[in-house]
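First the structure, then my questions, so here it is.
Please read these numbers as outputs of a predicted model, since none were measured by experiment.
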Amino acid sequence: MSEFDKHYLEALSYQFPTIAKASAEIINLCSTLQLPKETEHFMTDIHGEYEQFNHIMKNGSGTVRTKIEDEFGYSLTKQDKTELATLIYYPKEKMNLVRQSGVNMHDWYRTMLLRVIRIARHASKKYTRTKVRESIPDEFRFIIEELLAEETEYADKEKYYDRILEALIQTDRVEECICALAETIQNLVINHLHIIGDIYDRGPGPHIIMDTLMDLHSVDIQWGNHDAVWIGAACGNLTCIATLLRLTARYANLDIVEDGYGINLIPLMRLAMSEYANDPCTCFKVKYDENTYDLTDLPMDTKMHKAIAIIQFKLEGQLIKRHPEFHMEDRLLLDKINYEKKTIMCYGKEYPMEDTFLPTVDPKDPYALSESEALVMEHLRHSFMNSEKLQRHIRFLLNKGSLYLTYNSNLLFHGSIPLTEQGEFQSVTLEGKSYKGKALLDVLDNYVRLGYYRPAGPEKDYATDIIYFLWIHPYSPLFGKYKMTTFERYFIKDKATHEEPKTPYYKLYNDEKVINKIFDEFGLDHNKSHIINGHVPVKQIKGESPVKCGGKLLLIDGGFSRAYQKTTGIAGYTLISNSYGLKLVYHEPFTSTEDAIRTGSDIRSETYLVEEVGHRQSVRETDDGTRIRQRLAELKALLAAYRSGEIREKE
């Protein structure tokens, strides 16, 4: 045994200090390898749609309903099953409604407790007791473990439950116990969650989604381009801050910034009122929900929208000029405006401008911020960098997130892999070095972390500019288009200037040779691996399928965001990977949480089997299985060292 191995085993012996404890862990791990593979749940492009996200998390993309059907079959009516499902999704709210209905609560509690226990037991079948224990809220861990372990064939089962129920009622804890059981079921039906990018922007609740994700027991995140902008803003990058605020203003969500993250927008409001007081800002219409938006805010939101958009275009121009290696000069448009003719030169052609009232733009130096704009942006930089809640959320994004992930033979990323038209990996030069393929994603991932964790200085400034590169550059794995025509959509009526052609990945993702080349680059198996990504909504309404390249690639952005649902025809996809294979679930639009609680309405979902494995997969065949086998080898070496006397037992 080498000195290094001996030192390692000596350290391991403090965790397993005796032959008995090392042997017990070996037995436990060997048996764990034989259990069915965990259930993985994939979601992408949530875009702040908290209510729909929350409901899908609670119903496990229809998995809870399936378990109710499996467990009760025809023994319950459809109405009873709906009531049970609603109780599992929203236990507190459902019990409040039932109490108000005047039913005998003692009998109702007893009936529903028995039913919820049966579903919890059914959901826990394939997991170890340790795994189940970790899924149970601490406060009720002992009692729920007892309830789940109780054998149904015992003759005194009813008395056993009656005693528990009476004790819970006497201590006024029955509702809390049902809530804990419901939470346990939700934890078990989604054993591990993958979020494949774009938590932020468009919808009203990304900060609430982040709070929810931080409470989950097992989750990973692959950043989307919208997430990157929020990361850059938290780092203090002014261009990212302006972009973020323009998007939240455009979708009438400035309260996310003000109320959700405690960032003061009054200086921006004053600037908007000062510079655009008499400007109708007709090119900067706000997209709002007629059911929830207060129309008295519309004039101010519209002016703030224009004010921050102009600032963004200036800051973008400054960033592009300080990075000629980005080759983005075609996005420099403020200096192409002819104010006398009210036109702009764009793509070699002159177009009329829809709006030339730009009081803060100096034609001689169009990309310079005015004094008042500069003061506003410095105030905002300080506010973003000192928002405790935002910083906490972004640290979580960095700790649980990455640009890509390989997990159980699947490659997960949000957007694309930069490719040439010929299907080769696109080379990108950063700070004098060229990167492509996996190396490019690795170095960009590292820049994101440098941008957040480095102290102020040139290294941090460059890294945060790279974060903006991820938002908008044609060679960014998070963008996947040759240009973002934001300026043109505001100022030029001709829609020919609004086109945003996709990069080669989206033309080649049905080419098996290209997909296999990507698998090789990331060390994955051609025969069993999949690429799972989002970013580009799949237009199911036009017959487009999310299944590409014969099932090797799954593009699961189906329009979670309400802004895309008219285009896609549905309200998003989710993907489930379990021991039997891959299932794709598509969802119709969610009405509201209130409606779901009051009427028992659920998201109507359809499930399609994408791939069925030839045998039921076990933990042994997963990444966890690989780690367990490595741990077993270490423990067996420790056991041998104990028995040979090279390592002494600690107890």
Identify the two heavy atoms, one from A252 and one from D255, that lie closest to each other, and give their separation to 0.1 Å. O-OD1, 4.2 Å

Taking NZ, NE, NH1 and NH2 as the nitrogens, is one of them in K438 or E521 under 4.0 Å from a carboxylate oxygen of the other? no

Assess whether salt bridge (charged side-chain N to carboxylate O under 4.0 Å, His left out) is satisfied between K517 and D520, documenting all intermediate values. CA-CA 5 Å; K517 183 181 294 186; D520 289 339; over 6 Å; no

Show the numbers, then the answer: is there a side-chain hydrogen bond (donor to acceptor under 3.5 Å, both in side chains) between H414 and N533? CA-CA 5 Å; H414 176 69; N533 67 288; over 6 Å; no

Heavy atoms only: give me the nearest M43-H41 pair and the separation to one decimal. CG-CD2, 3.8 Å

Tightest non-hydrogen contact, residues H207 and I256, listed as ND1-CG2, 3.8 Å

T212 OG1 to K58 NZ distance, which is reported to the nearest 0.5 Å: 8.5 Å

If we only count heavy atoms from C-beta on, is the T39 to V189 side-chain gap below 4.5 Å? no

Hey, can you tell me if H55 and Y89 have their rings parallel, tilted or perpendicular (30° and 60° cut-offs)? perpendicular

Quick one: which of E621, Q617, R616 gives a side chain to side chain donor-acceptor pair (under 3.5 Å) with S579? R616

Roughly how far, to the nearest 0.5 Å, is CG of L411 from OG of S409? 11.0 Å

Any side-chain heavy atom of I576 within less than 4.5 Å of one from I190? no

Looking only at side chains, do N408 and E40 share a donor and an acceptor under 3.5 Å apart? yes

Please report the interatomic distance CG(L397) to CD1(I394), rounded to the nearest 0.5 Å. 5.0 Å

More than 12 heavy atoms from other groups under 6.0 Å of NZ on K483: yes

Could you walk me through whether D220 and H192 pass the side chain to side chain contact (heavy atoms under 4.5 Å, CB included) test, one step at a time? CA-CA 8 Å; D220 60 65; H192 184 81; 2.6 Å; yes

Hey, does the side chain of R489 reach the backbone of H498 with a donor-acceptor pair shorter than 3.5 angstrom? yes

Passes salt bridge (charged side-chain N to carboxylate O under 4.0 Å, His left out), D138 versus R141? Steps please. CA-CA 5 Å; D138 292 342; R141 185 160 291 159; 2.6 Å; yes

Could you point out which residue of H526, E512, E611 forms a side chain to side chain donor-acceptor pair (under 3.5 Å) with K552? E512

Stepwise side-chain hydrogen bond (donor to acceptor under 3.5 Å, both in side chains) check, N54 with Q52: CA-CA 5 Å; N54 187 49; Q52 179 163 319; over 6 Å; no

Between the side chains of T485 and E500, is a donor N or O closer than 3.5 angstrom to an acceptor N or O? yes

Check: I195 and I46 side chains under 4.5 Å, non-hydrogen atoms: yes

Using 30° and 60° as the class boundaries, would you call the ring planes of Y50 and F53 parallel, tilted or perpendicular? tilted

Intermediate values then yes/no, side-chain hydrogen bond (donor to acceptor under 3.5 Å, both in side chains), N410 and H530: CA-CA 5 Å; N410 295 318; H530 307 86; 2.9 Å; yes

W223-F413 aromatic ring centre distance below 6.0 Å: no

Taking the six-membered ring where the residue is Trp, are the ring centres of Y288 and Y293 under 6.0 Å apart? yes

Would you say the rings of Y573 and F42 are close, in the sense that their centroids are separated by under 6.0 Å? no

Checking T66 side chain against G62 main chain: does a donor-acceptor pair fall under 3.5 Å? yes

Would you say N253's side chain and T248's backbone share a donor-acceptor pair under 3.5 angstrom? no

Between T503 and F479, is there a side-chain heavy-atom distance shorter than 4.5 Å? no

Please check if the number of heavy atoms outside Y580 that lie under 6.0 Å from its OH is greater than 12. no

Considering non-hydrogen atoms only, spot the tightest contact between D211 and K389 and give its length. OD2-NZ, 3.3 Å

Any donor-acceptor N or O pair under 3.5 Å, side chains S577, K37: yes

Out of curiosity, D198 CG to R202 CZ, how far, rounded to the nearest 0.5 Å? 7.5 Å

Just wondering, do E421 and K507 contact through their side chains at under 4.5 Å, heavy atoms? yes

Side-chain donor-acceptor pair present, D442, Y404, cut-off under 3.5 Å: yes

Are more than 12 heavy atoms from other residues, nucleotides or ligands located less than 6.0 Å from atom CD of Q34? yes

Over all atoms of both residues, closest heavy-atom pair of V585 and S61: CG1-O, 3.9 Å

Aromatic ring proximity H194/Y407, centre distance under 6.0 Å: yes

Test item: F396 and I221 side chains (from C-beta on) under 4.5 Å apart, heavy atoms: yes

May I ask you to decide if A85's main-chain N or O and R65's side chain share a donor-acceptor pair within less than 3.5 Å? no

D227 (side chain) donor-acceptor with I199 (main chain) under 3.5 angstrom: yes

Where do T420 and F425 come nearest, in terms of heavy atoms and distance? CG2-O, 4.2 Å

Determine whether V64 and Q186 satisfy the following criterion, side chain to side chain contact (heavy atoms under 4.5 Å, CB included), listing intermediate values before the conclusion. CA-CA 8 Å; V64 171; Q186 292 170 21; 5.6 Å; no

Atom NZ of K92: over 12 foreign heavy atoms under 6.0 Å: no

Any donor-acceptor N/O pair, D557 side chain to D45 backbone, under 3.5 Å: no

Using the rule given for side chain to side chain contact (heavy atoms under 4.5 Å, CB included), can you reason through V538 versus Y586, listing the C-alpha separation, both sets of side-chain angles and the distance that settles it, and then say yes or no? CA-CA 11 Å; V538 175; Y586 81 81; over 6 Å; no

Does any part of the side chain of I119, heavy atoms only, come nearer than 4.5 Å to the side chain of R115, both counted from C-beta? no

Does either side chain, that of T77 or that of D80, offer a donor lying less than 3.5 Å from an acceptor on the other one? yes

Kindly check if the number of other-residue, nucleotide or ligand heavy atoms within 6.0 Å of CZ (F519) is above 12? yes

When rounded to the nearest 0.5 angstrom, what is the spacing between OG in S529 and CG in N516? 9.5 Å

Beyond-backbone contact of S476 with N225, side-chain heavy atoms, under 4.5 angstrom: no

Assess the pair W230 and H393: is the distance between their ring centroids shorter than 6.0 Å? no

Rounded to the nearest 0.5 Å, how far does CG of L444 lie from OG of S402? 12.5 Å

